[in-house]
Amino acid sequence: MARKKTFTQTELFQATHELMLAVGYDNFSFQLLANELDITRTALYKYYGNKTDLLRDYLNHQMEDIVGQLSSARWPSDYQEKLSHLIDLIIGFSETHRISNMIPDQKWKQVANEKPE
């Protein structure tokens, strides 16, 4: 069976999300991700040099999504309803929080130190 040649960012981030929850950071690999997306591993390397870069972009995307949802939410005037709405938004991103906690802090510090000023 021939492999797909393309994938969307949504497909990439969804597969990344699911694999991170299933196998964790240490076992997550481009090979597993490529298999999940039915593409070659080389296709992933065209966009990301390593899993840390991919996960940083994935988490940035997720944070932009939650900020967008928070800023565009129609907040009820009732305090109880407002709190309930906020809790629903937070729970909706609980898996993203779990994923962010899987990544060793040292990985983020190394990437931050490698960026030019």
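This structure is a prediction, so every number in the text was calculated from the model and none was measured.
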Cationic tip of K51 within the cone over Y25's six-membered ring, i.e. under 6.0 Å and within 45° of the normal?
yes
Between D57 and Q9, is there a side-chain heavy-atom distance shorter than 4.5 Å?
no
To the closest 0.5 Å, what do you measure between NE2 (H85) and CG (D88)?
7.5 Å
Taking the six-membered ring for Trp, are the ring centroids of Y47 and F7 within less than 6.0 Å of each other?
yes
Hydrophobic clusters here meaning ILVMFWY residues chained together by side-chain heavy-atom distances under 4.5 Å, can you tell me if L21 and L32 are in one?
yes
Distance check, rounded to the nearest 0.5 Å: E64 atom CD versus Q69 atom CD?
12.5 Å
Side-chain heavy atoms under 4.5 angstrom apart, residues restricted to Ile, Leu, Val, Met, Phe, Trp, Tyr: same cluster for Y79 and I87?
yes
Any donor-acceptor pair under 3.5 Å linking the side-chain atoms of N35 with those of Q31?
yes
Do L12 and Y58 have side chains that get closer than 4.5 Å, going by heavy atoms?
no
Without swapping roles, check the side chain of W75 against the backbone of L70 for a donor-acceptor pair under 3.5 Å.
yes
So how far is it from D78 CG to S84 OG, rounded to the nearest 0.5 Å?
10.0 Å
With a 4.5 Å limit on heavy-atom distance, are the side chains of T8 and E11 in contact?
yes
side-chain contact (heavy atoms from CB on, under 4.5 Å) between T52 and I103, intermediate numbers included
CA-CA 9 Å; T52 301; I103 302 165; 5.8 Å; no
So, taking the atom named CG in L86 and the one named CD in E81, what distance separates them when rounded to the nearest 0.5 Å?
13.5 Å
For S71 and V67, indicate whether the former's side chain and the latter's backbone hold a donor-acceptor pair under 3.5 Å.
yes
Under 4.5 Å between side-chain heavy atoms, hopping through other hydrophobics if needed: is there a path connecting L59 to F30?
yes
Look up atom CG in L55 and atom OG in S100, then write down how far apart they are to the nearest 0.5 Å.
10.5 Å
Are L33 and L37 close enough that some pair of their side-chain heavy atoms sits under 4.5 Å apart?
yes
So, taking the atom named NZ in K82 and the one named CZ in R74, what distance separates them when rounded to the nearest 0.5 Å?
14.0 Å
For H61 and D65, test the side chains for any donor-to-acceptor distance below 3.5 angstrom and give the result as yes or no.
no
In the structure I gave you, are the side-chain heavy atoms of R56 and D53 within less than 4.5 Å of one another anywhere?
yes
Are the side chains of F28 and M102 in touch, meaning some heavy atoms are under 4.5 Å apart?
no
For residues F13 and L54, determine if any side-chain heavy atom of one lies less than 4.5 Å from a side-chain heavy atom of the other.
yes
Side-chain contact test, heavy atoms from C-beta onward, threshold under 4.5 Å: evaluate it for I66 versus T96 and give yes or no.
no
